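Before any comments, here is the structure.
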Amino acid sequence: MGRESLSICSPRGNRCSMAAAMTVTRFAPSPTGMLHIGGARTALFSWLYARHRAGRFILRIEDTDRERSTAEAVGVILDGMQWLGLAADEGPYYQTQRFLRYREAVSALLASGLAYRCYCSKEELERMRAEQIARKEKPRYDGRCRDRAAPRAGIDPVVRFRNPLDGEVIVDDLVHGRVVFQNRELDDLIIARSDGTPTYNFCVVVDDMDMRITHVIRGDDHLNNTPRQINMLRALGGEPPAYAHLPMILGADGAKLSKRHGAVSVLQYREEGYLPEALLNYLARLGWSHGDQELFTLEELVAAFDIRDVNKSAAAFNPDKLLWVNQQHLMRAPLARLAPLLGAQLARLGIECRDDPLLEGVAALQRERARTMREMAEASRYFFLPRVELEEKAARKHLGPEGAAALARVRERLQSLPVWSAEPIHRALAELAAELGAGLGTVAQPLRVAVSGGAVSPPIDATVALIGRERVLDRIDRALEWTQRAGERGGQSP
RNA sequence: GCUCCCUUCGUCUAGAGGCCUAGGACAUAGCCCUCUCAAGGCUGUAACACGGGUUCGAAUCCCGUAGGGAGCGCCA
């Protein structure tokens, strides 16, 4: 092992210069859609590897397909990378801005005979393909223009790479191990379209060479492209980088990644209240592991990550586990970080509480009972609303005559409490329960319903303390009113 | 169809010939803690795709089979 440094060592092979030895990785998305879970994971692994090796990470936008590439998609990718915190050391580079360079490279291959012009029409190629399929052969270009000397009138030619006819290409993949391809299985692919624009496989090769990429880390759907790229790279006088082909990510159903889960913009996860470091943590554990460790900080990931520990097989995206990982990160995050996120999520619910001093306190109480910031906000409305609406079911259960009686006495106690904080509140409630010869729940549940509107909240002492005496007493009064009305409505009492 | 890749609990994975009666995590079931809900703790259910070899010994090595995936574009 350790052969991935071979190509960047000096010809004498005895010493690598510092600059040459530096690891350079890249993430090269095409801006034809969102930055989704799969792309984010690829970016993460490239980024982690560069960071782990104290190298550089380059962002390159592969926008040679002008039909499908959009500026919006570029923006979404950039935003997504930024939110995730996967900062590039270089770039973004845009392939559309390097067309001159590609043209030059095509010309060089043409001049040296390693590429040739092909005058076959699209119809001709389609016919060829149909015939091959009919014969149960692999559809491929048969090289009929390889030795054509004269142009064909009226046809703008494409340029094809002259792939070697025999021999083999060996890919020593960092995750798959040695993979051998026969050149006879490969055909002469188009490197420049009839309008002169270069194609993907060619641009990748030129760019990876020019940018001195040492490690190409990408999805294993590209494994089959690799031998062609190596052949082209060599034709251009380059030396192949190391390759690492990552397994794909599948949807939760084990099928292809679908819109249902994963195939949406990573920014969707921000909106739903996931922490970027949690998403990264989860993604890292898809196809990679470090012993039994499940939870990682970014720093721990950088320190522990090695491409050699990456699995070969595809992994299914598991939303439940992501939720768990997110909660674990919520429980560990600084409250000062959570507070504004909670404020933003509440704002989405129509509750304006931007700089509410309660935010941090609420986050502290709720973070172990919410899996996302969205959930936290949804469960925390009553902390910020002036009044609460009682849930019918909870009120009927806990605010009957007995509950109301307990609640009335709770009110007295709380009103006269000298110090308004969780401990004295807890003591007061405990004493009252003891007086009533009942458990804490007997006083806590009616109070909980009065104060939160429902039967679920963080510990009642802390909740009550946070909401404040004035509001708490007011809510108790309103709850007692409700009880009275219910009694009148119901007529007979138990 | 051809080429290439992949295959351990439902899911993510540990496992590099004896430490495996196959470990951890999510999910799931039960119990504990408990003012509700959580969080946390404990316990349980649950896997080496199949068949041949090699070896004293295989989840681990080899060969087949089956299943899944990717690629085969003037898309990336």
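Model, not experiment: these values are computed from the prediction. So you know, we letter chains A, B, ... as the sequences are listed, proteins then strands, and number each from 1.
Of the residues in residues 219-228 of chain A, those with a non-hydrogen atom less than 4.0 angstrom from any atom of RNA chain B are Asp221(A), His222(A), Leu223(A), Asn224(A), Asn225(A). Of the residues in residues 457-468 of chain A, those lying under 4.0 Å from RNA chain B by heavy-atom distance are Ser457(A), Pro458(A), Pro459(A), Ile460(A), Asp461(A). Near-neighbour residues of RNA chain B inside residues 99-107 of chain A, defined by a heavy atom below 4.0 Å, are absent.
Base-pair partner of U55(B): not found among the strands shown (Watson-Crick or G-U wobble, both distances under 3.5 Å). When Watson-Crick and G-U wobble pairs are counted only if both distances are under 3.5 Å, C26(B) pairs with G10(B). Of the nucleotides present, G69(B) is the one that pairs with C4(B) by Watson-Crick or G-U wobble criteria, both distances under 3.5 Å. Nucleotide G40(B) has C32(B) as its partner under the Watson-Crick or G-U criteria, with both atom distances under 3.5 Å. In this structure, C50(B) forms a base pair with G64(B), meeting either the Watson-Crick or the G-U wobble geometry with both donor-acceptor distances under 3.5 Å. With a cut-off of 3.5 Å on both pairing distances, C20(B) has no Watson-Crick or G-U wobble partner at all.
Side chains of His215(A) and Ser46(A): a donor-acceptor N/O pair is absent below 3.5 angstrom, by distance only. At a cut-off of 3.5 Å, with distance as the only test, a side-chain donor of Asn183(A) or Asn231(A) sits close to an acceptor on the other residue.
Per the geometry, CG belonging to Asn231(A) stands 15 Å off C1' belonging to U3(B), to the nearest Å. Asp309(A) places its CG atom 18 Å from the P atom of C12(B), with the value rounded to the nearest Å. Note: NZ (Lys397(A)) to P (U36(B)) measures 10 Å, nearest angstrom. Atom CZ of Arg68(A) is separated from atom P of A76(B) by 7 Å (rounded to the nearest Å). C72(B) atom C1' lies 13 Å from atom CD1 of Ile190(A), rounded to whole Å.
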Mind listing the N/O atom pairs, protein and nucleotides 39-44 of chain B, below 3.5 Å?
{"from": "A39(B)", "atom 1": "O4'", "to": "Glu368(A)", "atom 2": "O", "distance (Å)": "3.3"}
{"from": "G40(B)", "atom 1": "OP1", "to": "Gln328(A)", "atom 2": "NE2", "distance (Å)": "3.2"}

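Between Glu137(A) and Arg135(A) a salt bridge is recorded (basic side-chain N to carboxylate O distance below 4.0 Å).
Side-chain nitrogen and oxygen atoms of His398(A) include none within less than 4.0 Å of the OP1 or OP2 phosphate oxygen of U36(B). Side-chain N/O atoms of Arg66(A) include none lying less than 4.0 angstrom from OP1 or OP2 on A76(B). A close approach under 4.0 Å does not occur between any side-chain nitrogen or oxygen of Thr199(A) and OP1 or OP2 of C74(B). Between Asn311(A) and A14(B), a side-chain N or O to OP1/OP2 separation shorter than 4.0 Å is present. Between Lys136(A) and C2(B) there is no side-chain polar atom (N or O) within less than 4.0 angstrom of OP1 or OP2. Side-chain nitrogen and oxygen atoms of Thr64(A) include at least one within less than 4.0 Å of the OP1 or OP2 phosphate oxygen of A76(B).
When distances run from any side-chain atom of Gln445(A) to the nucleotides A76(B), U36(B), U11(B), the shortest one goes to U36(B).
For Tyr282(A) and Tyr274(A), the ring centers sit 6.0 Å or farther from each other.
Cation-pi contact between Arg60(A) and Tyr94(A): absent, since separation from the ring centre below 6.0 Å together with deviation from the ring axis within 45° is not met.
In this structure, the ring-ring contact (aromatic ring centres under 6.0 Å, His included) partners of Phe305(A), at least two apart in sequence or on a different chain, are Phe45(A), Trp288(A). When the ring-ring contact (aromatic ring centres under 6.0 Å, His included) test is applied to His426(A), no partner is found at least two apart in sequence or on another chain.
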